[in-house]
Amino acid sequence: MRTSQLLLPTLREDPGEAETVSHRLMLRSGLIRKVAAGIYTYLPLGLRIIRKVENIIREEMNRAGAQELLMPVASPAELWKETGRWNFYGKELLRFKDRHERDFCLGPTHEEVITDLFRREVRSYRQLPLNFYQIQTKFRDEIRPRFGLMRGREFIMKDAYSFDKDEAGARLNYQKMYDAYHRIFSRCGLTFRAVEADTGLIGGSSSHEFMVLAATGEETVVYSETGTYAANVERAEVLPPTEGSREELRPLRAVSTPNCRTVEEVTGFLKIEPGRLVKTLLYSTGKDTVAVLIRGDHEANEIKIRRLLGVTDLELAGPATVEKITGAPVGFAGPVGLKGVRILADHAVRFTRNVVVGGNRADTHIVDANYERDFQVDEFADLRNAMAGDPSPRKDGILKATKGIEVGHVFMLGTKYSQAMNASFLDPNGKECLAVMGCYGIGVGRTAAAAVEQNHDDKGIIWPFPIAPVHVHLLPLGQSAPVAEATAGLYGSLQQAGLEVLWDDREERAGVKFNDADLIGAPFQVIVGDKGLAEGLLEIKIRKTGEKLKAAPADIPAKILQLAASGPSSQ
RNA sequence: CGGGGCGUAGCGCAGCCCGGUAGCGCACUGCGUUCGGGACGCAGGGGUCGAAGGUUCAAAUCCUUUCGCCCCGACCA
């Protein structure tokens, strides 16, 4: 490829819209361009990266015994109504009508479509197990798309769906996918970790997320440093404390706390630690309102609350509801004397003594409140996010926290979809059985973006060799005949050696070419200048280390292959 | 959906308060010089000032409406 014939619009300055490293660098290096919020065009070089990731995925999926097919982007409402997700999925499902006023949606995922295919085409246990996958553009109408390819509305995803005759078979498929994902992300040159996860809108019994560890990640992961436990905080189980405070119970009293609504304000005003406060959160479930008590230094986990209540709708109650129930403005709710709502509490609350709670009166809090003596709780449960310092639920050490980018997710679905859609087969006894399913996703663009988050410096991207848009960036300096001749020769010999080469044949100055090359981030640069030709040696620059090696032109292809196989950029 | 901010040339921005000729840097075109880490000179091209309505002799600038985008939050794979 020659730069002069390629649309490769590099930007010298950072686009104003971009915040994160990957978003900024992918725009600057001419890989993507925005068409609308969360919707991007992949420019030629960007598409090459996408294809590289896709091909790695394809190879590993095929190796794991999955077969590729391709489902439509648009799917009819009927299928979604069968599983109830037409309503359940909410606004994220982009719906539209065709010319006959029939309801359709853009597929955000394809359980319905694949299950429909299965029930039509598969009859016998002899045909199982099956695992289908596709690499396809999805659409989810995100509330807030951001960070470029990291969280788009339209995005490329590999999704796979397995069908088994029983749980044991499904577990085997799950394990195969789990292993394949390890190979895929390793081959992409990523540092990642598989963690236990919540199943969200997809549903099912268990799941793991594959998290690329990066400071800009949107997810928080906790893991045991000394053990094997790792989980998304929204999922991580928190063990009840084993012992509590032994303080003498002090008498209850009300104090004035003018304008102190938040934990920070109240603890600051009263000069106490956040752990000495219990916050009372009022949630509306759509049907009624519940109060949730959480220690001041903990974070409520709405997923756990939802699961305990068995509801899908849950949001913090509005000011009107809060005032109706507590008789006070938002910020002063407390469990003492609270009536008319169920009171749930995190386990930690049971082990506190002499805490500060809201007074259910404007500008008032209650000091030295105590569970049982001053307020009751209907149910204690694990209702908070895990955090660094908590003991691991596997009792294998203390948890640490880190940020992660979710690039893959595997789910055990069980029979949730096969039951809803009656996807069954006949077993050896002629008995009708429901297929046991699993589903497995990988965000392709997000994986590429995560690779940038993990592999860059202040000059630009440093692509891992297996997903680099090209292997070698060939940089002729100046217009002299010897340089032109040597460059043309190298262009041929590098390609002969099986390397992908981008030839910067623009009439640009050396500095411009060097800076663009560093920005674009091919693992190797080959620099052809009169200076080097005079001594018969040209330079190979290793992007990752900045190291420059000299080699005779004829030796360069072999040298690069050797570096790629063994060097720091090999991955 | 709540809070904040921004839409002026391809990109990054100034001008807006205080109405009166639309500007700067980069990029782009031509010529010349230069040529191993984002050169220089000369000459050029390019803008319905997001859109619609209003106020005014006159609107990028003031007012109203609207659309888009970004950030924080809520929410979400």
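Protein chains get the first letters and strands the later ones, always in sequence-line order, with residue 1 at the start of each.
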Nucleotide B:C69, atom C1' - distance to CZ of A:Arg144 in whole Å: 12 Å
Using a cut-off of under 3.5 Å, enumerate the N/O to N/O pairs linking the protein to nucleotides 43-45 of chain B.
none

Touch class at under 4.0 angstrom, heavy-atom based, for A:Leu477 against every strand present: base
All N/O donor-acceptor pairs, side-chain side in residues 31-42 of chain A, below 3.5 Å, sequence neighbours left out:
residue : atom : partner : partner atom : Å
A:Arg33 : NH1  : A:Leu27 : O            : 2.8
A:Arg33 : NH2  : A:Pro9  : O            : 2.7
A:Tyr40 : OH   : A:His23 : NE2          : 3.2

Sub-4.0 Å heavy-atom contacts from residues 16-34 of chain A onto RNA chain B, ordered by number: A:Gly16, A:Glu17, A:Glu19, A:Arg28, A:Lys34
Distance, rounded to the nearest Å, where A:Ile527 contributes CD1 and B:G36 contributes C1': 8 Å
All salt bridge (charged side-chain N to carboxylate O under 4.0 Å, His left out) counterparts of A:Lys304, not counting sequence neighbours: A:Asp382
Touch class at under 4.0 angstrom, heavy-atom based, for A:Asp516 against every strand present: base
Salt-bridge present (A:Asp457, A:Lys459; N to O < 4.0 Å): no
By salt bridge (charged side-chain N to carboxylate O under 4.0 Å, His left out) - contacts of A:Arg24 (at least two apart): A:Asp14
A:Ala510 side-chain proximity, nearest of B:A77, B:G36, B:G12: B:G36
B:A39 OP1/OP2 closer than 4.0 Å to side-chain N/O of A:Arg509: yes
Results of salt bridge (charged side-chain N to carboxylate O under 4.0 Å, His left out) for A:Arg307 - residues two or more places apart only: A:Asp198
